[in-house]
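What follows is a short report on a single structure.
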Amino acid sequence: MYARLRPWLFRLDPELAHSASLRLLQLAGGLSPAAAWLRRRYAAPAQPVELLGLQFANRVGLAAGYDKDGLAWRGLACLGFGHIELGTVTPRPQLGNPRPRLFRLPEDEALVNRLGFPGRGAAFLARRLAGPRPPGLVLGVNLGINKDTPLEQAAADYQRLMAIFNPLADYLTINISSPNTPGLRQLQGREYLNGLLKALAPLRAKPLLVKLSPDLDAAQLDDALAAIMDNNIDGVIAANTTLARPAGLRAASAGEAGGLSGRPLASAALHMVTRIAARTQGRLPIIACGGIFNPSDARAALDAGAGLVQVYTGLVYRGPGLAGELAGGLAG
Ligand SMILES: Cc1cc2nc3c(=O)[nH]c(=O)nc-3n(C[C@H](O)[C@H](O)[C@H](O)COP(=O)(O)O)c2cc1C
């Protein structure tokens, strides 16, 4: 069905297509017959797994950025995900970068985005999380800083967000790896990260993860991991989008500024998972993210040492059946 819908969706401006899909999922999630239909149509085989002290219905999650403001998570929860990561949320609302800021690279099965954390802010997302939860769904919230927050005050932004979302989320992710907020990725440096995590770890009431950039070189990754292990952080997500442009990209939009996601990111993200698992002797829980499009990609991520996987761009290219397909492949 999605194969027939996709050409129509792809004729729309990418951001418009995204908001239309979110809107539909929001409506469906609020309407019980529609939600029940989606749940039947997209059910994923149950394969419970424990990680971070949480029970996940399966190993497949939705990556941050898809539903930044928590508009459609009840509908998205009907698509078979074991967990959904909302956000990135910033303390105050902000517009993000000027449009156009999201581009499809169809020939490469990729996207480039330079959204810059547009969103309605923490108070809005907190309201969206009120009310009963579908049983068995793990909800994470991904935290970011406002664009005009100086890096020296980054910890205060994250602390404020932790205070708000500790009681509402099952886990929290510190996002220090988006390429679209100036200076943010400097927080991955050993000194910065150590200082930041020292300021945040005492406020932790839920498992706390750090999301890393695939653009760290081996030494930078080792430094970041040292700070993460020294501060007993619960896990990492590898990886965010990349500023690199791997050789062989064919789409015209490959030259757009911003973070690249999807197929061309797969090998760098997998490599990163392998290195993290080796460096931490498998002691640090890893969520693999980047270019996971089919069950063999997901299997490779688990074999490399990840406990869970997340998808974003795969959902755009493969459609709403992806979580069920991946979870089915991993269960079988
Ligand atoms: C349009 C778009 C927006 C994104 N926004 C966020 C975000 O707000 N926070 C975040 O941590 N990651 C964000 N990401 C990164 C994804 O969560 C994911 O790490 C990355 O896209 C790699 O996975 P994929 O290849 O499956 O898309 C975004 C990705 C895309 C394509």
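Predicted, not measured: the structure shown is a model, and the values here were computed from it.
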Among the clusters formed by ILVMFWY side chains lying less than 4.5 Å apart, do Ile237 and Leu51 turn up in the same one?
yes
Counterpart residues, salt bridge (Lys or Arg N to Asp or Glu O under 4.0 Å), relative to Arg120 (two or more places apart):
Asp69
Nearest heavy-atom approach of Thr241 to Ser261 is CG2-CB, 3.8 Å
Do Met272 and Leu302 share a hydrophobic cluster (ILVMFWY, side-chain heavy atoms under 4.5 Å, transitive)?
yes
To check you understand the geometry: which heavy-atom pair defines the closest contact between Val236 and Leu209, and what is its length?
N-CG, 4.4 Å
Qualifying residues under ring-ring contact (aromatic ring centres under 6.0 Å, His included), relative to Phe103, sequence neighbours excluded
none
Atom CG in Leu76, atom CG in Leu315: separation rounded to 0.5 Å?
7.5 Å
Quickly, which of Ile174, Leu208, Leu200 forms a side-chain contact (heavy atoms from CB on, under 4.5 Å) with Leu143? Name it, please.
Ile174
Those residues at least two apart in sequence (or on a different chain) that pass side-chain hydrogen bond (donor to acceptor under 3.5 Å, both in side chains) with Ser178 are none
Measuring only between side-chain heavy atoms, which start at C-beta, is Phe165 closer than 4.5 Å to Val89?
yes
Are Ile228 and Leu172 connected into the same hydrophobic cluster when the rule is that any two of I, L, V, M, F, W, Y join if their side-chain heavy atoms are below 4.5 Å apart?
yes
Will you find, in the side chains of Ser213 and Asn240, an N or O donor that is under 3.5 Å from an N or O acceptor?
no
Is a donor on one side and an acceptor on the other found under 3.5 Å between the side chain of Asn175 and the backbone of Asn142?
no
What distance do Met162 atom CE and Asp157 atom CG have between them, rounded to the nearest 0.5 Å?
13.0 Å
By side chain to side chain contact (heavy atoms under 4.5 Å, CB included) - contacts of Thr90 (at least two apart)
Gln94, Phe117, Asn146
Tell me if a side-chain donor or acceptor on Asn294 pairs with a main-chain N or O of Ser296 at a distance below 3.5 Å.
yes
Stacked cation flag Arg263 on Phe293, 6.0 angstrom / 45 deg:
yes
Under the 3.5 angstrom rule, does the side chain of Gln188 hit a backbone N or O of Ser177 as a donor-acceptor pair?
no
Are any of the side-chain heavy atoms of Pro179 and Arg185 separated by less than 4.5 Å?
yes
List in chain and number order the residues that pass side-chain hydrogen bond (donor to acceptor under 3.5 Å, both in side chains) with Ser21, two or more places apart in sequence or in another chain; answer none if no residue qualifies.
none
Does NZ belonging to Lys147 count more than 12 external heavy atoms closer than 6.0 Å?
no
Donor-acceptor pair, side chain of Asp108 and main chain of Arg250, under 3.5 angstrom
yes
Is it true that a side-chain atom of Asn166 and a backbone atom of Leu203 form a donor plus acceptor pair closer than 3.5 Å?
yes
Looking at Leu95, I'd like to know if its CG atom is crowded, meaning that more than 12 non-hydrogen atoms belonging to other residues, nucleotides or ligands lie closer than 6.0 Å.
no
If hydrophobic clusters are built by linking Ile, Leu, Val, Met, Phe, Trp and Tyr wherever their side-chain heavy atoms come under 4.5 Å apart, do Ile286 and Leu212 end up in the same one?
yes
If you group Ile, Leu, Val, Met, Phe, Trp and Tyr by side-chain heavy-atom gaps below 4.5 Å, do Ile176 and Leu161 land in one group?
yes
Only pairs under 3.5 Å count here: list side-chain donor-acceptor contacts from residues 4-13, not counting sequence neighbours, and write none if there are none.
from: Arg6; atom 1: NH1; to: Tyr317; atom 2: O; distance (Å): 3.0
from: Asp13; atom 1: OD2; to: Glu15; atom 2: N; distance (Å): 3.1
from: Asp13; atom 1: OD2; to: Leu16; atom 2: N; distance (Å): 3.0

Hey, can you pull the donor-acceptor pairs under 3.5 Å for the side chains in residues 322-332, sequence neighbours left out?
none

Minimum heavy-atom distance between Asn194 and Ala227, given as atom pair plus value:
N-CB, 3.9 Å
Name the atoms and distances for all side-chain donor-acceptor pairs under 3.5 Å in residues 122-135, with sequence neighbours left out.
from: Arg128; atom 1: NE; to: Gly70; atom 2: O; distance (Å): 2.9
from: Arg128; atom 1: NH2; to: Leu71; atom 2: O; distance (Å): 2.9
from: Arg133; atom 1: NH2; to: Leu168; atom 2: O; distance (Å): 2.4

Those residues at least two apart in sequence (or on a different chain) that pass side-chain hydrogen bond (donor to acceptor under 3.5 Å, both in side chains) with Gln281 are Arg283
Option among Arg114, Arg245, Arg101 that satisfies the side chain to side chain donor-acceptor pair (under 3.5 Å) test with Glu256
Arg114
Check: Leu249 and Pro264 side chains under 4.5 Å, non-hydrogen atoms
yes
Let me confirm one number: the CD1-CG distance from Ile233 to Leu193, rounded to the nearest 0.5 Å.
8.0 Å
Specify the closest pair of heavy atoms between Leu54 and Asp170, including all atoms of both residues, with the distance to one decimal.
CD1-O, 3.7 Å
Please set out all donor-acceptor pairs under 3.5 angstrom arising from side-chain atoms of residues 37-50, sequence neighbours excluded.
none

Considering only heavy atoms from C-beta outward, does the side chain of Leu265 approach that of Thr313 to under 4.5 Å?
no
For Leu260 versus Ala244, what's the shortest heavy-atom pair and its separation?
CD2-O, 3.7 Å
Distance, nearest 0.5 Å, that separates CG of Leu151 from CD of Gln186:
5.5 Å
How many angstroms lie between atom CZ of Arg74 and atom CG of Leu25, to the nearest 0.5 angstrom?
13.5 Å
Closest heavy-atom pair and its distance - Ala199, Ala155:
CB-CB, 4.1 Å
Could you check Asp67 against Ile84 for side chain to side chain contact (heavy atoms under 4.5 Å, CB included), going step by step and ending with a plain yes or no?
CA-CA 9 Å; Asp67 188 5; Ile84 292 178; 5.7 Å; no
Name the orientation class of the two ring planes belonging to Tyr66 and His18 (parallel below 30°, tilted from 30 to 60°, perpendicular beyond 60°).
perpendicular
Could you go through residues 217-225 and list every donor-acceptor pair under 3.5 Å that involves a side-chain atom there, pairing it with any protein atom two or more places apart or in another chain?
from: Asp217; atom 1: OD1; to: Ala219; atom 2: N; distance (Å): 3.1
from: Asp217; atom 1: OD1; to: Gln220; atom 2: N; distance (Å): 2.8
from: Gln220; atom 1: OE1; to: Asp217; atom 2: N; distance (Å): 2.8
from: Asp222; atom 1: OD1; to: Arg275; atom 2: NE; distance (Å): 3.3
from: Asp222; atom 1: OD1; to: Arg275; atom 2: NH2; distance (Å): 3.4
from: Asp222; atom 1: OD1; to: Arg279; atom 2: NE; distance (Å): 3.2
from: Asp222; atom 1: OD2; to: Arg275; atom 2: NH2; distance (Å): 2.8
from: Asp222; atom 1: OD2; to: Arg279; atom 2: NE; distance (Å): 3.1
from: Asp222; atom 1: OD2; to: Arg279; atom 2: NH2; distance (Å): 2.9

Considering only heavy atoms from C-beta outward, does the side chain of Val311 approach that of Arg318 to under 4.5 Å?
no
Below 4.5 Å, heavy atoms only, C-beta onward: do Pro320 and Tyr2 meet side chain to side chain?
yes
To the nearest 0.5 Å, what is the distance between NZ on Lys68 and CG on Leu86?
11.5 Å
Using side-chain hydrogen bond (donor to acceptor under 3.5 Å, both in side chains) as the criterion, list what pairs up with Asp234, not counting sequence neighbours.
Arg204
Leu62 vs His83 side-chain heavy atoms within contact, under 4.5 Å
no
